[in-house]
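Each chain gets a letter, A, B and so on, in the order the sequences are listed, and its residues count up from 1.
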Number of protein chains: 2
Amino acid sequence: MTSILHVPAANQLLAALPSVERQAFMADCETVELTFGEVLFQPAETVTHVYFPLDSFISLIVVIDGENRLEVAMAGQEGMLGTSLVLGIEEAPLLALVQGAGTALRMTAANFQQRLLDSPVLHQRLKRYLYVVMHQLAKSSACNHFHQIEGRLARWLLMTQDRAGTDQLQLTHEFLAMMLGVRRSGVTISARALQTRGLIRYHRGAIEVLDRQGLIEASCECYNEDRELYAKVLSDL
Amino acid sequence: MTSILHVPAANQLLAALPSVERQAFMADCETVELTFGEVLFQPAETVTHVYFPLDSFISLIVVIDGENRLEVAMAGQEGMLGTSLVLGIEEAPLLALVQGAGTALRMTAANFQQRLLDSPVLHQRLKRYLYVVMHQLAKSSACNHFHQIEGRLARWLLMTQDRAGTDQLQLTHEFLAMMLGVRRSGVTISARALQTRGLIRYHRGAIEVLDRQGLIEASCECYNEDRELYAKVLSDL
DNA sequence: TCATCTCTGTGCGCTGACGAACATGGGGTG
DNA sequence: CACCCCATGTTCGTCAGCGCACAGAGATGA
């Protein structure tokens with residue numbers, strides 16, 4: 001399917017580094033295959049590796065009251081996993097669940113800490129990324145509180161599409177319900193509404209985005225704001 | 001009211017520093033009086049100063065859809081304002097509103113950046129604080145989503161009491177409604193319930209905590225979890 | 001003392017989402 | 001081919017919280 005000269009998707013946090021530093025960094029990484037449903041971090045567990053997704057992506061999930069779950073962030077080729085190590089903390093705060101199978105670059109925590117010391121450019125860039133994540137966390141707190149399911153579902157599908165890099169998403173309503181922290185049948189109702197309007201089409205665990213622009217209009221404004229923030233803080237440098 | 005030998009409340013982030021560093025740091029600070037309702041940062045505005053509250057405290061608020069508001073964090077003598085500068089970002093992500101009048105130490109952004117370079121101990125401690133805030137942001141996202149008003153109100157009162165250092169809080173239901181992102185009359189109902197159970201007493205803009213332990217039991221578990229996290233990450237060092 | 005303003009109490013109908021349950025039907029397995 | 005599982009469709013009653021509106025009561029100021 002891919003061309004013979006296929007260049008593996010690059011991680012955006014690393015792509016912008018000066019060539020020398022990037023190659024030094026990547027020399028310390030190994031490439032790993034992540035499978036759907038794999039748990040990379042458990043809350044309060046020690047972080048042994050950081051991950052830079054290439055074509056995989058990972059959900060960061062809060063577990064509350066022992067049963068309720070809510071996705072609060074997502075990391076794909078635009079981000080990384082293990083941000084707490086940027087702050088020098090070796091503990092994972094959240095559940096990290098592989099939501100899109102694929103490859104990622106991985107480095108040990110110790111090597112990563114050393115790389116941060118060696119490369120101010122990298123360090124600076126990752127601090128900016130951390131700022132973006134923090135800001136998004138705060139805003140999505142309000143989004144989850146005030147916005148209703150349909151808009152949040154549309155936003156979530158768009159975010160996933162961006163990271164999966166395809167219109168075809170492998171997702172059940174059940175899974176979406178867990179991500180959004182709502183009932184399964186609540187997702188069904190909203191998904192049907194989006195399908196009726198011709199924005200998506202779905203069938204037994206597969207969702208296809210038909211009208212991306214329409215979906216953006218159906219989503220809450222948070223989607224655009226998130227992208228603008230990322231672009232503003234991480235475009236240059 | 002205070003004794004002649006009154007020692008001003010110390011800021012916990014600074015209190016644990018080695019004496020030499022602390023004094024050097026504080027020499028660069030000025031003491032400022034913060035008044036209720038004062039806005040220290042507007043979202044997207046440049047951060048000119050960082051603040052270390054002594055007996056004042058500040059709410060960090062997300063404004064969404066131009067009208068809805070939701071408090072996502074609070075900073076008192078246990079924390080600081082202007083955390084984005086710890087990451088080297090000179091932009092404030094959130095609305096910072098003085099919620100408890102009092103004093104704070106203040107330092108210019110430029111001096112602060114220099115101090116971080118000069119004092120690894122300070123830097124390390126502030127990164128730990130940042131980790132706590134991030135973790136709390138993520139969890140309160142779920143709290144705001146799943147927990148109901150009464151538990152959240154109780155939690156909020158406790159957090160405020162901790163930072164105000166008194167049982168007497170100056171708060172209207174209207175204000176509480178804004179913090180929690182709910183209707184004013186929703187707060188009235190929950191507040192009455194807490195009062196009926198003898199946990200608090202209130203009257204026209206003044207709330208008194210009568211039974212702190214009972215209030216903790218009425219609050220969602222998030223209150224205890226927040227405190228434990230702070231203690232775990234910032235107690236030592 | 002009176003007028004006014006602010007804070008709180010309370011009522012109404014409404015809606016979004018809940019929890020639980022059952023129906024349907026496509027797909028994969030044996 | 002038969003079977004079963006699993007994803008989705010749908011319903012029912014319930015509930016928390018909404019938006020709005022108004023009433024009463026304490027505070028404030030003229």
Side-chain angles (χ1 to χ4, degrees), chain A residues 36-37 64-70 99 141-157 168-197 199-208 218-220, chain B residues 36-37 64-71 141-157 168-197 199-208 218-220:
Chain A
F36 177 82
I64 196 170
D65 306 326
E67 42 175 349
N68 292 320
R69 286 156 183 249
L70 179 65
Q99 203 249 299
S141 188
C143 173
N144 289 335
H145 184 69
F146 290 111
H147 295 156
Q148 18 199 93
I149 298 182
E150 193 171 311
R152 294 209 290 134
L153 173 60
R155 174 186 173 212
W156 199 91
L157 291 174
Q168 321 285 333
L169 311 174
Q170 300 303 312
L171 299 163
T172 65
H173 295 183
E174 186 79 47
F175 183 83
L176 288 165
M178 190 190 81
M179 293 295 112
L180 299 176
V182 299
R183 279 182 320 163
R184 193 269 309 161
S185 56
V187 170
T188 298
I189 291 168
S190 293
R192 283 208 59 191
L194 295 177
Q195 178 165 256
T196 301
R197 283 192 268 154
L199 307 179
I200 62 173
R201 179 167 54 199
Y202 63 88
H203 179 68
R204 292 187 74 75
I207 300 186
E208 183 181 1
S219 74
C220 55
Chain B
F36 177 82
I64 196 170
D65 306 325
E67 42 175 350
N68 292 319
R69 286 157 182 249
L70 179 66
E71 195 208 48
S141 188
C143 173
N144 290 335
H145 185 69
F146 290 112
H147 295 155
Q148 21 197 88
I149 297 181
E150 193 171 311
R152 294 208 290 134
L153 174 60
R155 175 186 173 211
W156 199 91
L157 291 173
Q168 321 285 333
L169 311 174
Q170 301 304 312
L171 298 163
T172 64
H173 294 182
E174 186 80 46
F175 183 83
L176 287 165
M178 190 190 81
M179 292 295 112
L180 300 176
V182 300
R183 278 184 319 163
R184 193 269 310 162
S185 56
V187 170
T188 298
I189 290 168
S190 293
R192 283 209 59 193
L194 296 177
Q195 178 166 255
T196 301
R197 282 191 268 155
L199 307 180
I200 62 173
R201 179 166 55 199
Y202 63 89
H203 179 69
R204 292 189 71 76
I207 300 186
E208 183 181 2
S219 74
C220 55

Where the side chain of His145(B) meets the backbone of Gly181(A), is there a donor-acceptor pair that is under 3.5 Å apart? yes
Arg192(A) atom CZ is separated from dT10(D) atom C1', nearest whole Å, by 9 Å
Is the shortest heavy-atom distance from the side chain of Leu157(A) to the side chain of Leu169(A) under 4.5 Å? yes
Evaluate the side-chain proximity of Ile64(A) to Leu70(A): yes if any heavy-atom separation is below 4.5 Å, no if none is. no
Report the C-alpha distance between Met179(B) and Leu171(B) in whole Å, list the side-chain angles of each, state the deciding distance to 0.1 Å, and finish with yes or no for side chain to side chain contact (heavy atoms under 4.5 Å, CB included). CA-CA 11 Å; Met179(B) 292 295 112; Leu171(B) 298 163; over 6 Å; no
Do Ile207(A) and Leu176(A) have side chains that approach each other closer than 4.5 Å (heavy atoms only, starting at C-beta)? yes
Give me each pair satisfying salt bridge (Lys or Arg N to Asp or Glu O under 4.0 Å) with a member in residues 183-197 of chain B, each pair once, sequence neighbours excluded. Glu150(B)-Arg197(B)
By the 4.0 Å heavy-atom rule, please label Ile149(A) as base, sugar-phosphate, or nothing. sugar-phosphate
DNA chain D: 5'-proximal contact among Arg204(A) and Thr188(A) (nearest heavy atom): Arg204(A)
Hey, where on DNA chain C does chain B first and last touch, going 5' to 3'? Cut-off is any atom under 4.0 Å from a heavy atom. dT6(C) to dT10(C)
Students often mix this up, so state it plainly: with edges at 30° and 60°, are the rings of Trp156(A) and Phe175(A) parallel, tilted or perpendicular? perpendicular
Determine whether a donor-acceptor pair (N or O, by modelled atom type, separation under 3.5 Å) exists between the side chain of His147(B) and the backbone of Cys220(B). no
Hey, which of these two, Leu171(A) or His145(A), hits DNA chain D nearer its 5' end, going by closest nucleotide? Leu171(A)
Can a side chain N or O of Tyr202(A) be found less than 4.0 Å away from OP1 or OP2 on dG9(D)? yes
With respect to the side chain of Gln148(B), which nucleotide from dG17(D), dG9(D), dC6(D) is positioned closest? dG17(D)
Heavy-atom closest pair (Ile200(A) atom, Ala191(A) atom, distance to 0.1 Å) is CD1-O, 3.8 Å
Taken to the nearest whole Å, CZ/Phe146(B) to C1'/dG17(D) is 17 Å
Got a sec? Which of residues 178-186 of chain A come in under 4.0 Å of DNA chain D, heavy atoms? Arg184(A), Ser185(A)
Between CZ of Arg201(A) and C1' of dT8(D) the distance, given in whole Å, is 17 Å
In this structure, how many angstroms lie between the P atom of dT8(D) and the CD atom of Glu174(A), rounded? 9 Å
Closer than 4.0 Å, any side-chain N/O of His203(B) to the OP1 or OP2 of dA25(D)? no
